[in-house]
**Student:** 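Let me give you the structure first, and then I'll get to my questions.
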Protein chains: 4
Amino acid sequence: MAKLQKSIDKRNALIKATIELVNNSGFHATPMSKIAKMANVSPATIYLYFENKQDLVNQTYLEVKTKYTDFVFKTYDESTSVKTGFELIWKRIAEFNINECEYSFFLNQCNNTPIIDEPSRKEGIRHLQPLLDLWERGKKEGVIKPISDYILYAYSINPLSYLMIAQKQYEFQLNKTHVEEAFLSAWDSIKR
Amino acid sequence: MAKLQKSIDKRNALIKATIELVNNSGFHATPMSKIAKMANVSPATIYLYFENKQDLVNQTYLEVKTKYTDFVFKTYDESTSVKTGFELIWKRIAEFNINECEYSFFLNQCNNTPIIDEPSRKEGIRHLQPLLDLWERGKKEGVIKPISDYILYAYSINPLSYLMIAQKQYEFQLNKTHVEEAFLSAWDSIKR
Amino acid sequence: MAKLQKSIDKRNALIKATIELVNNSGFHATPMSKIAKMANVSPATIYLYFENKQDLVNQTYLEVKTKYTDFVFKTYDESTSVKTGFELIWKRIAEFNINECEYSFFLNQCNNTPIIDEPSRKEGIRHLQPLLDLWERGKKEGVIKPISDYILYAYSINPLSYLMIAQKQYEFQLNKTHVEEAFLSAWDSIKR
Amino acid sequence: MAKLQKSIDKRNALIKATIELVNNSGFHATPMSKIAKMANVSPATIYLYFENKQDLVNQTYLEVKTKYTDFVFKTYDESTSVKTGFELIWKRIAEFNINECEYSFFLNQCNNTPIIDEPSRKEGIRHLQPLLDLWERGKKEGVIKPISDYILYAYSINPLSYLMIAQKQYEFQLNKTHVEEAFLSAWDSIKR
DNA sequence: GATGAATGAGTCTTCATTCAT
DNA sequence: GATGAATGAAGACTCATTCAT
C-alpha cells in the first residue's frame, strides 16, 4: 500500500510538473528532462507511467478536464430555475478559473493549439452537457435566446477564459465586483 | 526596384509560410527548414530577413496585428453614435475573423500561448485604442456599462475568436444569421 | 529438490528465450526485459543466474554447443571404417541442423558475428575432435584428401549451415533426397 | 564539381566506416556517432546522405554486393566450357574473398543475421545469375550434378565464406596451395 | 543577395542493471 | 530466492544557425 501510494504520488507529481511547465513554456518547449527534474524523478521514470510525451500531455489534459467538470457541476441541481441554475454553474466556473488558474490556463492552451490529439479535443464542449441541457430548457421556456449553443458558450462562458488570461498576462486584477459585473454581462448576452 | 520587389516578395512568402505552418503545428513543431521550403528559399535566406526564429515570429505577429487593426478601423468614423460606431467596428472584426481566419487563428494562438516575446504580447488590447475611446465615450453618455475595458472586451469582442476556432475545429458553420445573433449578444452584454 | 528443479527450470526458460529472441532479432536488439518476459520472470531474476547480458549469451552458446556435440557423436563408434564413420557423423549433424534448427541457427549466428566473447569463439572447430581424428585416420589410409582440416570442414560440414539458413530465409525446402544429394557432394569434396 | 566530389567522398567515407565498424562490433553495437567520427563528419551529417541507420546499412549492403558481383563476373565469358567457366568465376570469388575480406565479411554478416531489410536480403543468390545459368548448362551437358542450385552453391561457393572467416578468426592462413585444394574440392562436390 | 552543406547542442526514448521489499 | 520499480548512461535523430561559395 505504501508502494502504491508512492506510485500515485509520482504520477501526480509528473502531471503537476507538466501543467506548470507547459503553461510557462508550451508543450514543445518543455523537455521531458525538465518535467522529470521538477517531479524529482529520472527521465526514464516518466515512461513507467506514460507511453510517451504525447500520452503524458493527453492524460494530463483529460485529468484536468475531469477536475474542471467535477468542480463545475458539484453543487448543481437540475430542479432550480434556469436563471438560478445558470448563475450557480457560471459562478462555479468563474471560481475555478480564478482559484485554479493553473488548471484553466492549461485547458485553455490545449483548446487553442494543436498539442492535444484530435480525439481528446474533439470532445469539445460536450463535457458541459448539464449546462447545454439547462440552455435547452431555457430556450423552451423563452428565457434564453434561441440561438446556437456555440454562440451561447462564446458569450457567456468563454469570456471567463479571456479574463483569466488577462489577469495572468496583463496588469488586470479580477476582484469580487468584477465578477459580479461579468456575470451580469454574461446573463445579458444570453437572456431573451 | 525589381530587386527590391523580389526581396519584399521573399519576406512576404516567409511570413505567409510562418503563419500557415504555425497555425497547423505550433511554433516549436515548425522547423525553419519547413518554412524555408514552403517559401521556396534556402534556410539561410531567412536569416537575411530575420535575426532568428523568435524574431521571425515576433515580426509576423506584429505584421498580422497591424493588418488586423488597419482592417478593423478602416471604415470607422468617430463622429457616429456610440452604438453605430460599435456596430461598425464589431462587424469589421467579425468579417476579419471569418474571412481572414488564417490571420485571426494565428493572432489567437500568439495571444494564448507563450510563443511571443513578453513585450509584444504585454501590449494587451491597447492596439484597439479607437474602440477603447469609443467605450469611454459610451460610458460617459451612459450607454455603455461603466466597467473595466477588459470585461467589455471579454464579452463583446473576444467571443468572436472562440466562434472562429469553433468553426475551424468543430462541425460548426458560421452563417449570416449567426453573425447577427452574435452581434446582439455582444451589444446586450455591454450596453447599459 | 522441488526448489532446485524450479531454479533449473527458470534457467532453462531463460536460455530458451534467449535463443529464440536472439535468432529473430539479434543480440543487441533483444532487451533483457523481453527475455525476462518470455521466460516469465522478472528482469532482476536474470541476474541471479547470470552475471550480465554477455554472460547470458556466452553460457547459452556453450550450452547449445554442448547439446550439438553430444548429439552429433552420440551414436559414433571409432571402430568403423572412415567412410562409414564420416557418414554417421555427417548425418547426425544434418539431422541436428534440420530438426533443431533453432539451435543451429543460433550457433551459426554466434560463429559469424562478434556477439560472443573471443575466448568462447576462438575455440573454432576443436569441439569436433572425434571428427578431426577420423579425418586424420582417413588421410593416413589415403581415403581422405591430405588437406587442412579447415578446408575439409568448409566443404563437408559447413555447407549444412548454409542449407539450414537457406531453408529458413528463402523458399527452399530440404527433403530426404536433398540430404542424400548433399551427402554425396560432401563426400565427393573430401574423398581422395 | 569540387563540391560534388567532396560530397561523394563523404558518402564513401561513411560507407567505409560502416563496413569496418559493423564488421568489428555488429550493427547494433555500432553507434552512429562512432561511424561519424571515423568518417570525420558530424553525426548530423550522416542524415544528409542517408535517411536513418537502417538505410545506411541497407545502402552499404547493396553497394558492397554490387562491387562483389561486378568483380566476380568482370572476366567471365559465356563461350567457354562449363568447367573452365566455373573455374574462372570461382577463382574470382576466391580472390574477392581473400583480398577484399572486409567486404566479404560484411556481406556474410548481413546474410546471416537479421540486420538487413527483408527485401534487400531476399534476393538471395539471384545476383549470381550468370553462375546459375552456367550450372543449368552444365546440368544439361551432364557435367554438373542434377541437383538444386542451393546445394550446388552450398558446396562450391559458400565454403569460401567459411574459409575467409576462419582466416580472420582463427590461426589459419590461406595460401595459394590451399586455394587450389579448395577449388578441387569445390569442383569434386558438384561435378557429375 | 542567395544558398546548400555542415554541425553542435539538445530531445525523446531505451535499456542493462540495481535495490528496497 | 524473487521481484517491480527506478534510473544513469547512452543512442538515434532533429533543428536553429552558420559559412564558404
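Each chain gets a letter, A, B and so on, in the order the sequences are listed, and its residues count up from 1. On a predicted model such as this, the values are computed, not experimentally measured, just so you know.
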**Student:** Any side-chain N or O of A/Tyr49 under 4.0 Å from OP1/OP2 of F/dA5?
**Tutor:**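 Answer no for this pair, as no side-chain N or O of A/Tyr49 is under 4.0 Å from OP1 or OP2.
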
**Student:** In whole Å, what is the span from the CD1 atom of A/Ile46 to the P atom of E/dT11?
**Tutor:**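 It is 13 Å, rounded to the nearest whole Å.
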
**Student:** Hey, does the side chain of A/Asn23 reach the backbone of A/Glu102 with a donor-acceptor pair shorter than 3.5 angstrom?
**Tutor:**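 A pair under 3.5 Å: yes.
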
**Student:** Please indicate whether B/Lys16 has more than 12 foreign heavy atoms, meaning atoms of other residues, nucleotides or ligands, lying under 6.0 Å from its NZ.
**Tutor:**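 No - once you tally the heavy atoms of other residues, nucleotides and ligands closer than 6.0 Å, there are 12 at most.
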
**Student:** With sequence neighbours excluded, tell me which residues meet salt bridge (Lys or Arg N to Asp or Glu O under 4.0 Å) with D/Glu20.
**Tutor:**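 Counting only residues at least two positions away or on another chain, D/Glu20 forms no salt bridge (Lys or Arg N to Asp or Glu O under 4.0 Å).
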
**Student:** By nearest heavy atom, map C/Val41 and A/Thr45 onto DNA chain F; which one lands nearer the 5' end?
**Tutor:**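 Checking each residue's closest nucleotide, the 5'-ward one belongs to C/Val41.
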
**Student:** Provide, to the nearest angstrom, the distance between the NZ atom belonging to D/Lys10 and the C1' atom belonging to E/dA5.
**Tutor:**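 So the two atoms are 7 Å apart, to the nearest Å.
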
**Student:** Which parts of nucleotides 15-21 of chain F does protein reach within less than 4.0 Å, heavy atoms only, written one letter per nucleotide 5' to 3' as B for base, S for sugar-phosphate only and - for none?
**Tutor:** BSBBB--

**Student:** Do side-chain atoms of B/Thr60 reach the backbone of B/Leu56 as a donor and acceptor pair under 3.5 angstrom?
**Tutor:**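 Flag set: sc B/Thr60 to bb B/Leu56 pair under 3.5 Å.
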
**Student:** What's the closest nucleotide to the side chain of A/Leu48 if the choices are F/dT7, F/dA2, E/dT7?
**Tutor:**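 Within the option list, the nearest is F/dT7.
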
**Student:** If we ignore hydrogens and angles and just use 3.5 Å, is the side chain of C/Thr113 paired with the main-chain N or O of C/Gln109 as donor and acceptor?
**Tutor:**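 Yes; judged by distance alone, with no hydrogens or angles, the pair exists.
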
**Student:** Would you mind checking if D/Glu63 and D/Arg11 are paired as a salt bridge, meaning a charged N to carboxylate O distance below 4.0 Å?
**Tutor:**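 The answer is yes: the pair qualifies as a salt bridge.
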
**Student:** Are any of C/Lys34's side-chain N or O atoms less than 4.0 Å away from OP1 or OP2 of E/dC15?
**Tutor:**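 So the side-chain polar atoms of C/Lys34 never come under 4.0 Å of the phosphate oxygens OP1 or OP2 of E/dC15.
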
**Student:** Hey, is the main chain of B/Ser104 close enough, under 3.5 Å, to the side chain of B/Asn108 for a donor-acceptor pair?
**Tutor:**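 The answer is no, because no donor-acceptor pair under 3.5 Å joins these two groups.
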
**Student:** Could you tell me which residues satisfy ring-ring contact (aromatic ring centres under 6.0 Å, His included) with A/Tyr103, sequence neighbours excluded, listed by chain and number?
**Tutor:**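 Partners of A/Tyr103 by the ring-ring contact (aromatic ring centres under 6.0 Å, His included) criterion come out as none, since no residue qualifies.
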
**Student:** Does the Lys NZ or Arg CZ of B/Lys10 fall within the cation-pi geometry relative to B/Tyr49 - under 6.0 Å from the ring centre and within 45° of the axis?
**Tutor:**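 Here B/Lys10 fails the 6.0 Å and 45° test against B/Tyr49.
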
**Student:** Just by distance, do the side chain of D/Thr45 and the backbone of D/Val41 share a donor-acceptor pair under 3.5 Å?
**Tutor:**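 No: the side chain of D/Thr45 does not pair with the backbone of D/Val41.
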
**Student:** According to the salt bridge (Lys or Arg N to Asp or Glu O under 4.0 Å) rule, which pairs have a member within residues 34-62 of chain A, sequence neighbours left out?
**Tutor:**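 Sorted pair list comes back empty.
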
**Student:** In whole angstroms, how far is the P atom of F/dA12 from the NZ atom of D/Lys37?
**Tutor:**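 D/Lys37 atom NZ is separated from F/dA12 atom P by 13 Å.
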
**Student:** For D/Asn40 and E/dA6, give me the distance from atom CG to atom C1', rounded to whole Å.
**Tutor:**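 The answer, rounded to whole Å, is 14 Å.
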
**Student:** Nearest-Å distance, CD1 (C/Ile35) to C1' (E/dC15)?
**Tutor:**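 Rounding to the nearest Å, CD1 of C/Ile35 and C1' of E/dC15 are 12 Å apart.
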
**Student:** Where each pair must be Watson-Crick or G-U wobble with both distances under 3.5 Å, what dot-bracket representation of DNA chain E is obtained, with crossing pairs in [ ] and other-strand partners as |?
**Tutor:** .||||||||||||||||||||

**Student:** What parts of residues 11-25 of chain A reach DNA chain E, counting only heavy atoms under 4.0 Å away?
**Tutor:**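 Those residues: none at all.
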
